[in-house]
Each structure stands twice: as structure tokens, then as C-alpha cells.
Amino acid sequence: MQIYNTMTRTKEELVPQTPGRIAMYACGPTVYNFFHIGNARPFIVFDTMRRYLEYIGYRVTYVQNFTDIDDKMIRRANEEGVTVQELADRFIAEYYKDADALGVRRATVNPRATEHIGEIIEIVRTLVEKGHAYPTRSGDVYFSVRSFPGYGKLSGQPVEALESGARIDPSEEKRDPLDFALWKAEKPGEPSWDSPWGKGRPGWHIECSAMSMSLLGGTFDIHAGGQDLIFPHHENEIAQSEAATGQPFARYWMHNGYININNQKMSKSLGNFFTVRDIAGKFDLEAVRLFLLSAQYRNPINFSAELLEQAASGLERLRTARERLLDALAAAGGETPEDAAFAERIEEFVKGFRAAMDDDLNTADALGVLFEFARALNVFVSEPRGRTVLESALKRWNELTDVLGICVAAKEEELPQEALSLLEERAKARESRDWARADSIREQLRELGFAVEDSKAGAKLKRI
RNA sequence: GGCGCCAUCGCCAAGCGGUAAGGCACGGGUCUGCAAAACCCUUAUCCCCGGUUCGAUUCCGGGUGGCGCCUCCA
């Protein structure tokens, strides 16, 4: 498979460090709030990457962290009058609610920064020993950017260019404006941990280095995150990790594009965001997932209710195709003359899907293949078919939709007795050609939230 | 100022050297008691101007328009 590596700015063949295995790290949420649809994109995209890697046979170790200690956590905890830990516990639970509903599979490990303070301190200590970091009088420890020659290699920014834009806070005791905090000395009312430099807490960047390296090793395959993390977060991770270990950090860097609102980046600071929780009340989150996969992950994607409705309609089409296939399977008989040719077509769809995904996770293209598959299926099952070919069609269909995490088998819903008896009554009315009665029952069912679809096999109820 | 991305049908979105996938919406039709679902048919020369090439939406240069990062941010 080819993936676009931000480091080299080209598509490269993905060659894992250990054959057959992929070690992958994705930056997860800071758990001080519900996450928004913009945050959802990397969760879904990289979850899909993980699913696809597993589908093509890799054993994947997928790590996605929770940042549970930083400035925002502290501020929010103080506002709410709870401890940082309580805040984190609460929003980690909320994260799982939304992520589960979006079809994001649980990562192999979801480490919390505060569970890795020991490793963090070890890395900082090593960096100080090697002369890449220095403590200050007040107990902060800074990374010395100029001590790491490769600084700027991910973002493509020459150090000189960065210097002019660097922030200087007079209260900080940096030797160089470019330097960034590895360890922050304790301030009143903030959580802190003991360290060789006194009580304090980790800086943001070092958390990801510690969690990724302790779970995946000093060199691992893929590091992923949003484009806004390229600089400074990922640049800093590289600097501190490689300076500490002397070995390459992540081998491939994947970055997803933004979600825009009216062509502008959705972000918490701009206030133009929708949380997944907000949307969950109005839309099927599986449609949200489909929407986010309807564009290639590196391209920006505009968000609007209209677009979500379009995605929901598309999803309905995929679900219907699967249901028709299921019905056909229930009525399947012996082999028909067309079965063999269709079995071959199925494999063509699989190939097409894989070719799309192999090209830097082109989910938009892959979805196109899925829709073509759906049409072919709809045509094919309009006549009785053999069980064998239908079974293999269903197997393939499930495999491909599972990779994208959409169109998952609908839970068998208990239909209300009232609806079922109405449906039965309508069938009788239709038998006696009492169309007015039949139509009025259909209207009653609509009010109950069901659409009626007639077919030769009988009428079916469908949630609307 | 530095680094980078984008511009394809009404809306979304693939393709990226050989004359444009797919979805949504729209129109016509088949099926249906009527619908719904499904199916069939119809709908684009790819922002502009140059260049390279037998041939460019696809490569190069220049415009125009939009967006992002440059130490809060997925």
C-alpha cells in the first residue's frame, strides 16, 4: 500500500519495520470537553486505516492517547470545581460514547499521559544529560531546539524562519525563543509530580513521545494526527524523541485535512464548531462517518447539514442493497446460469476497492466501488439466485463495509406490536382491494415512524 | 515574509499524459392499485492565459479566486 508521508511529501510504499506488523500511533483528544466533528475526522480516518491494515493481513498495534493533563485541562477543572482527574475521567467516558457511536473501534491501547509520568521524566532526564535540554532556576525544563540539527524537517520550516515568529513570554527563562517546555514547574493549585527538578508536570509535546515510545518502541511505523499538529507538536516530538534515543522516531507521518465551516477551519478557538454530541441528536452518526470518508483524508472537507443529508441518503442506499441481498439469500435456491459470472464480478469489486484503499487510503474512490457493487447486487438479486454465490456476495460486502465501518449489520429491532398489527390489517385491506383503507393505514404507520415497502414477498416496515 | 494546500456537473467527490468513477438532487421511463424501494435513460471537456507534447483536466510557467500552518487547536 502507498501512503503519503508528510516527512518526504511523497507517496511511499508502506514497508513495516517488522514484516506483517504495523505499530501505529495517533494523537488523541485532550479530554476537557466533548469532541467536535473536526476532532472526529482523525479518529475515523485513522480507525479506518487500522481496519484496512488488518483487512489486508497486518497485525496492528494501534495506540491513541488521551491527553489528561495540560493547561486547558487545568483551566476547565478549575472552572467546574472538580479535580483534573475527575474531569479527565468524565470526558474519557464521554469520548467513548461518541467514538463508539461513530464506529471507531477501541484502540489496542488508549494510554493516559498521567499514567506515563515516569517515562516522561526519564526522557527529560536523558535529554538534560545529553545536553539537549536544560532546567531553569524556577524548575522548568526546556528543550534546546538548536541542539537538534534536524529541527524543522517535518514542517519544512528552516529554523531561521521559525525564529522570527517565535513567541517570547518574558516570564519564561528560555535561552532561545525557539525552545519549548518539557517540564513545567508546579504552580499553586495545579496537579504535580515529583521530579529531579522539583515538583511539576509535563509539557504537552513530551507526553506523546513518552506514550508512543514506551508502547511501540523508539522507532515505530506510523504516526498520525491532524495537519495542525505538524508544527509545532509533531516537530517537537521528533526533536525530543530522536535527540533522546539517537534513533529515528516515526517512519511515516500521516496528517488529515481539516473540517471547514463555510470554508473556514472548524476550531474551538474560532467557536464555529459542532460537537458530535450535538449532531448525534439530529443525524445518524454512521452517516457522519460516511460523510467524513466521502473525501480523501488529506483534503479539506466542508461541513453542513445539507452534506450530512446527502451522506445519509447514500448510506440508506447501501443499507437497502444489503437488505435486498439478505432477502434474496433467505429465498435462495439452486445455482443459476448467471451465478458464475457474478462471482467473478464480485472479486472485481474487491480488487477495485483494494486498489483505491492501497492508494493512500482513497476512501472516496473505494466508496465509489462500493456503490457500483450495490447497483450490481440490486440488479442481480432481482431474480432468484443460487445460495453459494449470494453467500459469497454477502461475505465480501460485509468485509468491505466493515473496513469502512459503515453499513454495519442493523441490530434486529423489535417492531412495536401496534405497527405489526397495522401492517397485517393493511395486508387484508389490500387483499380485499380496499385501497382507501390500505392507504390510511399506511398513513397511520407513517405517523408511528414507519414507511411501508411492498414487494412480491410481502410488505416490509422501514424506520424513517 | 517563510512553508504548504485547493479550484472537476445544481451540491459533494474520484481521476492526474490518451479525449471525464461514484453519490445526492433534478427530469423522463419500467415496476406498483397508488406509493416506496429497485432498475433503465438523460445531464460536464475539468477557473483563466501561455508553454511542453502526436495528445493535457492531468506536466511546466504566469494569473485569478479560496484556505491552512508559522509555538492553544484534529
Side-chain angles (χ1 to χ4, degrees), chain A residues 6 9 26-30 35-46 70-72 75 145 152 155-158 160-169 177-181 204-205 224-233 235-236 255-260 263-270 273 290-291 294-296 298-302 304 306-307 309-318 320-321 323-324 352 356 359 362-375 377-379 381-382 430 433-436 438-439 442 451-456 459-460 462 464:
Chain A
T6 307
R9 315 230 172 202
C27 286
T30 300
F35 66 88
H36 62 65
I37 193 81
N39 302 313
R41 169 118 95 149
F43 303 157
I44 288 170
V45 162
F46 299 122
D70 84 333
D71 294 345
K72 292 188 296 278
R75 197 189 325 127
V145 165
S155 55
Q157 294 279 354
E160 304 72 51
L162 291 169
E163 188 178 25
S164 63
R167 260 192 216 166
I168 305 165
D169 182 337
L178 254 29
D179 295 350
F180 57 89
W204 175 39
H205 312 299
Q227 275 170 1
D228 46 359
L229 297 185
I230 294 173
F231 190 90
H233 186 54
E235 196 71 75
N236 290 355
H255 291 99
N256 64 275
Y258 301 124
I259 306 285
N260 293 154
N263 271 324
Q264 277 215 314
K265 179 184 172 183
M266 177 187 297
S267 74
K268 287 181 179 165
S269 47
L270 288 173
F273 62 90
L290 177 65
F291 164 67
S294 69
Q296 208 271 347
R298 285 189 289 122
N299 294 146
I301 191 167
N302 244 313
S304 72
E306 188 198 348
L307 263 12
E309 275 158 25
Q310 291 185 8
S313 298
L315 179 62
E316 196 49 43
R317 180 172 172 75
L318 297 176
T320 302
E323 258 164 51
R324 286 167 57 104
D359 181 16
N362 194 336
T363 51
D365 206 4
L367 233 20
V369 174
L370 221 43
F371 277 108
E372 283 172 353
F373 191 178
R375 164 171 286 129
L377 232 29
N378 284 333
V379 173
V381 302
S382 63
R430 293 186 71 217
R433 308 184 70 81
D434 184 353
W435 307 129
D439 289 349
R442 183 161 65 194
V452 181
E453 291 185 1
D454 292 321
S455 75
K456 284 173 200 138
K460 284 182 78 169
K462 215 169 170 184
I464 37 178

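Values below: every heavy atom of this structure, side chains too, minus hydrogens, waters and symmetry copies.
Atom-to-atom, CG of A:Leu290 to P of B:A14 comes out at 13 Å; the value is rounded to the nearest Å. A straight line from CG of A:Leu370 to P of B:A21 spans 19 Å, rounded to a whole angstrom. For A:Gln157 and B:C69, the CD to C1' distance is 7 Å, given to the nearest whole Å. Rounded to whole angstrom, the span from the CG atom of A:Leu270 across to the C1' atom of B:C69 amounts to 13 Å. Rounded to an integer number of Å, the gap from A:Lys268 NZ to B:A74 P is 6 Å. In this structure, the CG atom of A:Asn260 is 14 Å from the C1' atom of B:C12, given to the nearest Å. In this structure, the CG atom of A:Leu367 is 11 Å from the P atom of B:A14, given to the nearest Å. For A:Phe373 and B:A14, the CZ to P distance is 23 Å, given to the nearest whole Å.
A:Val369 comes within 4.0 angstrom of nothing in the nucleic acid, heavy atoms only. Using a 4.0 Å heavy-atom criterion, one finds that A:Ala451 contacts no nucleic acid atom at all. Among the heavy atoms of the strands lying under 4.0 Å from A:Gly38 is at least one base atom, whether or not backbone atoms are also near. A:Asn299 comes within 4.0 angstrom of the backbone, heavy atoms only, and of no base. No contact: A:Phe291 has no heavy atom under 4.0 Å from any strand.
For the atom pair A:Asp228 CG and A:Asn256 CG, the distance stands at 8.0 Å (nearest 0.5 Å). To the nearest 0.5 Å, atom NE2 of residue A:His36 and atom CG of residue A:Asn39 are 4.0 Å apart. The CZ atom of A:Arg375 sits 12.0 Å away from the CG atom of A:Leu377 when rounded to the nearest 0.5 Å. Atom OG of A:Ser155 is separated from atom CG of A:Asn236 by 9.0 Å, given to the nearest 0.5 angstrom.
For B:C3, neither phosphate oxygen OP1 nor OP2 lies less than 4.0 angstrom from any side-chain nitrogen or oxygen of A:Arg9. Residue A:Arg298 places none of its side-chain N or O atoms closer than 4.0 Å to OP1 or OP2 of B:C6. The shortest distance between the side-chain N/O atoms of A:Asn263 and the OP1/OP2 oxygens of B:A7 is not below 4.0 Å. A sub-4.0 Å separation between OP1 or OP2 of B:A38 and a side-chain N or O of A:Asn378 is absent. In terms of phosphate contacts, A:Lys265 brings a side-chain nitrogen or oxygen within less than 4.0 Å of OP1 or OP2 of B:C69. For A:Arg317 and B:A38, the shortest distance from a side-chain N or O to OP1 or OP2 is below 4.0 Å. Look at A:Asn362 and you'll find a side-chain N or O under 4.0 angstrom from OP1 or OP2 of B:G15.
Listed nucleotides: B:A13, B:C39, B:A74. Nearest to the side chain of A:Ala364: B:A13. Among B:G33, B:U71, B:A74, the nucleotide with an atom closest to any side-chain atom of A:Leu178 is B:U71. Comparing atom distances between the A:Leu307 side chain and each of B:A36, B:C12, B:A14 picks out B:C12 as nearest. Looking at the side chain of A:Pro232, the nearest of the listed nucleotides B:A74, B:U71, B:C34 is B:U71.
If you check distances only, the side chain of A:Arg442 does reach the base of B:A35 with a donor-acceptor pair under 3.5 Å. In terms of polar N and O atoms assigned as donor or acceptor, the side chain of A:Asp228 never comes within less than 3.5 Å of the base of B:G68 in a complementary pairing. Side-chain N/O atoms of A:Gln310 and base N/O atoms of B:C11 include a donor-acceptor pair closer than 3.5 Å.
In summary, of the residues considered (A:Gln264, A:Gln227, A:Met266), a side chain to side chain contact (heavy atoms under 4.5 Å, CB included) with A:Tyr258 occurs for A:Gln227 alone.
Each of A:Ala311 and A:Gln296 has a nearest nucleotide on RNA chain B; the 5'-most of these lies closest to A:Gln296. The nearest heavy atom of RNA chain B to A:Phe180 and to A:Met266 marks one nucleotide each, and the one closer to the 5' end goes with A:Phe180.
The gap from the C1' atom of B:A25 to that of B:U71 amounts to 45 Å, rounded to the nearest Å. Using C1' as the reference atom, B:C48 and B:G65 are 11 Å apart when rounded to the nearest Å. A distance of about 13 Å separates the P atoms of B:C47 and B:G10, rounded to the whole Å. Using C1' as the reference atom, B:G50 and B:A74 are 40 Å apart when rounded to the nearest Å. Nucleotides B:C46 and B:U19, compared at atom P, are 16 Å apart to the nearest Å. Atom name C1', nucleotides B:U57 and B:U53: the rounded distance is 15 Å, in whole Å. Distance noted for atom C1' between B:C24 and B:U43: 14 Å (whole Å). Comparing the C1' positions of B:A13 and B:C6 gives an interatomic distance of 14 Å, to the nearest angstrom.
Of all nucleotides present, none satisfies the Watson-Crick or G-U wobble test against B:G55 with each distance under 3.5 Å. Searching all strands for a Watson-Crick or G-U wobble partner of B:C34 with both distances below 3.5 Å returns nothing. Taking a pair to require two hydrogen-bonding distances under 3.5 Å in either a Watson-Crick or a G-U wobble arrangement, B:C5 pairs with B:G66. Across all strands shown, B:A13 remains unpaired; no Watson-Crick or G-U wobble contact has both distances below 3.5 Å. When Watson-Crick and G-U wobble pairs are counted only if both distances are under 3.5 Å, B:U42 pairs with no nucleotide at all.
In this structure, A:His233 and A:His205 have tilted ring planes: the angle between them lies in the 30° to 60° band.
Contact check for A:Glu235 versus A:Gln157: no side-chain heavy atoms found under the 4.5 Å cut-off.
For A:Gln296 (side chain) and A:Asn362 (main-chain N/O), no donor-acceptor pair under 3.5 Å exists by modelled atom type. Panel note: side chain A:Asp454, backbone A:Ala459; no donor-acceptor pair is recorded below 3.5 Å.
Stacking of the aromatic ring of A:Trp435 onto the base of B:G33 is found: the ring centres lie under 5.5 Å apart and the planes are inclined by under 30°.
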